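Below: the structure, in structure tokens.
Since the model is a prediction, treat every value here as computed from it, not as a measurement. As a basis for the values below, the full set of heavy atoms in this structure was taken, side chains included, without hydrogen atoms, waters or symmetry mates.
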Amino acid sequence: MKSHTKKLVLNIKDRMEFVNITPQIEDAVQESGVEEGLCLVNAMHITASVFINDDEPGLHHDYKRWLEELAPFDPSPERYHHNRTGEDNADAHHKRQIMGREVVVAITEGRLDFGPWEQIFYGEFDGRRQKRVLIKIIGE
Amino acid sequence: MKSHTKKLVLNIKDRMEFVNITPQIEDAVQESGVEEGLCLVNAMHITASVFINDDEPGLHHDYKRWLEELAPFDPSPERYHHNRTGEDNADAHHKRQIMGREVVVAITEGRLDFGPWEQIFYGEFDGRRQKRVLIKIIGE
Amino acid sequence: MKSHTKKLVLNIKDRMEFVNITPQIEDAVQESGVEEGLCLVNAMHITASVFINDDEPGLHHDYKRWLEELAPFDPSPERYHHNRTGEDNADAHHKRQIMGREVVVAITEGRLDFGPWEQIFYGEFDGRRQKRVLIKIIGE
């Protein structure tokens, strides 16, 4: 069994933003030499997501508006008890649960085994500081 | 290490529907010859889900009503910017994020290692065309 | 390839509660002898979740309030058709979909490869009876 571990570092300027990290994941699969296996990609921070969906700006606009409706940003200590700790990012912890922490993608014949529109995104909900994404590949 | 890859093809008549695909996943585990390992099952399309829950029609009715509340179907370009691309399925991209893209199930002693009520479903949110599900099994 | 399977038994007194199970998962990784691999942790019941987030009581309070808003407890057969079966836990099946069934965590150099605040929680939404969590580790 082969394994390969890689960490990506991201610096997102906005509070909420989605970044297509598919090319970096494909690079990691190449580096691993794995032909048949599984590739885990997860946010290492708890106010961020890794998810698979469409690389379409209108959809990303829609996701942001929708997540803001489901879990509005509110730094006050009234709405979110988490913000009584001095944090202002309780909303980001909620948005991340909707979009998910991780994806697991099949590797087949040395490549990510994707459907026609699948792309891997890093979803940031509390940006403006350095964050990391973990890639772990196992297989043969 | 052994690996096994299989793709299921589904044709769902309705826009939103849930299909129990547990028997097909069990068949794939048998075919793989894997006794101890992991089984990834994911939708290959971005307006569909694979999830694990109960095979109970009342619950599926409830899920459909709830997902329609959280992300209503609306083909107009006003509510969802994604629908300005000529698509009408922005709601389906949202519903899929709630229900998830994939499940990873343990294989123990050659079988899916399930709790008493766990069943694997394909969740379609933009049906009436052919879709695929990927099964990837690794182990020994 | 090595593999290790372990089941945790939990008895939650309240209907909804979150329990940090990270120490038990770390124990299982030690027992497995796996240095590089993947660790699946999933709820074996369909009204419970396993998720990764912050061990902060204010945040857990916020999650409970938010999940109750998104999918209120209502044992009557009117709101949820699932409760026409004699069950009263339809809300719990919905809450579990928001928080997720499972996490997959990388194992690197014999340890869970975590970001600074990541902790693994069992999320119970229909407690007051015995439930199980499955840990499956594969690697080398």
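Per-residue counts of heavy-atom pairs under 4.5 Å with chain A were compared for B/Leu40, B/Thr85, B/Ile137, B/Thr5; the largest is that of B/Leu40. When the candidates A/Pro57, A/Gly139, A/Gly100 are compared by the number of heavy-atom contacts under 4.5 Å with chain B, A/Gly139 comes out ahead. Top candidate by heavy-atom pairs under 4.5 Å with chain A, chosen from B/Asn83, B/Leu38, B/Leu70, is B/Leu70.
Classified by interplanar angle (parallel below 30°, tilted 30° to 60°, perpendicular above 60°), the ring pair B/His81/A/His61 is parallel.
Other residues, nucleotides and ligands contribute only 12 or fewer heavy atoms inside 6.0 Å of the CD atom of A/Glu109. No more than 12 heavy atoms of other residues, nucleotides or ligands sit less than 6.0 Å from atom CD of B/Gln30.
Contact annotation for B/Lys7: only side-chain heavy atoms (C-beta onward) come within less than 4.5 Å of a heavy atom of chain A. Contacts between A/Phe51 and chain B at a heavy-atom distance below 4.5 Å involve the side chain alone, from C-beta outward. Residue A/Met99 touches chain B through both its backbone and its side chain, counting heavy-atom pairs closer than 4.5 Å. B/Glu102 touches chain A through its side chain: at least one heavy atom from C-beta onward sits under 4.5 Å away, while N, CA, C and O do not. Heavy-atom distances place the backbone of A/Ile107, and not its side chain, under 4.5 Å from chain B. In this structure, chain A has no heavy atom under 4.5 Å from any part of B/Ile135.
Between A/Glu36 atom CD and B/Lys2 atom NZ the span is 15.0 Å, to the nearest 0.5 Å. Taking CH2 of A/Trp66 as the reference point, atom CD of B/Gln97 lies at 7.0 Å (rounded to 0.5 Å).
A salt bridge does not link B/Arg84 with A/Asp62: every distance from a Lys NZ or Arg NE/NH1/NH2 to an Asp or Glu carboxylate oxygen is 4.0 Å or more.
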Discussion item. Is there a side chain to side chain contact (heavy atoms under 4.5 Å, CB included) between B/Ile138 and A/Ile138? Walk through the geometry before answering.
Written reply: CA-CA 9 Å; B/Ile138 68 169; A/Ile138 69 169; 3.9 Å; yes

Worksheet entry | Test log, rule side chain to side chain contact (heavy atoms under 4.5 Å, CB included), inputs B/Asn42 and A/Glu118 | CA-CA 11 Å; B/Asn42 68 265; A/Glu118 290 193 288; 4.1 Å; yes

Practice prompt. Apply salt bridge (charged side-chain N to carboxylate O under 4.0 Å, His left out) to the pair B/Arg96 and A/Asp54, showing each step before the final yes or no.
Written response: CA-CA 12 Å; B/Arg96 120 69 166 254; A/Asp54 197 1; over 6 Å; no

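Of the possible polar contacts, none joining the B/Arg101 side chain to the A/Asn53 backbone as a donor-acceptor pair under 3.5 Å is found. With hydrogens and angles ignored, the 3.5 Å screen pairs a side-chain donor or acceptor of A/Arg65 with a backbone N or O of B/Arg79.
In this structure, the side chains of B/His45 and A/Trp117 stay at 4.5 Å or more apart for every pair of heavy atoms. Residues A/Val105 and B/Lys136 fail the side-chain proximity criterion, which asks for heavy atoms closer than 4.5 Å.
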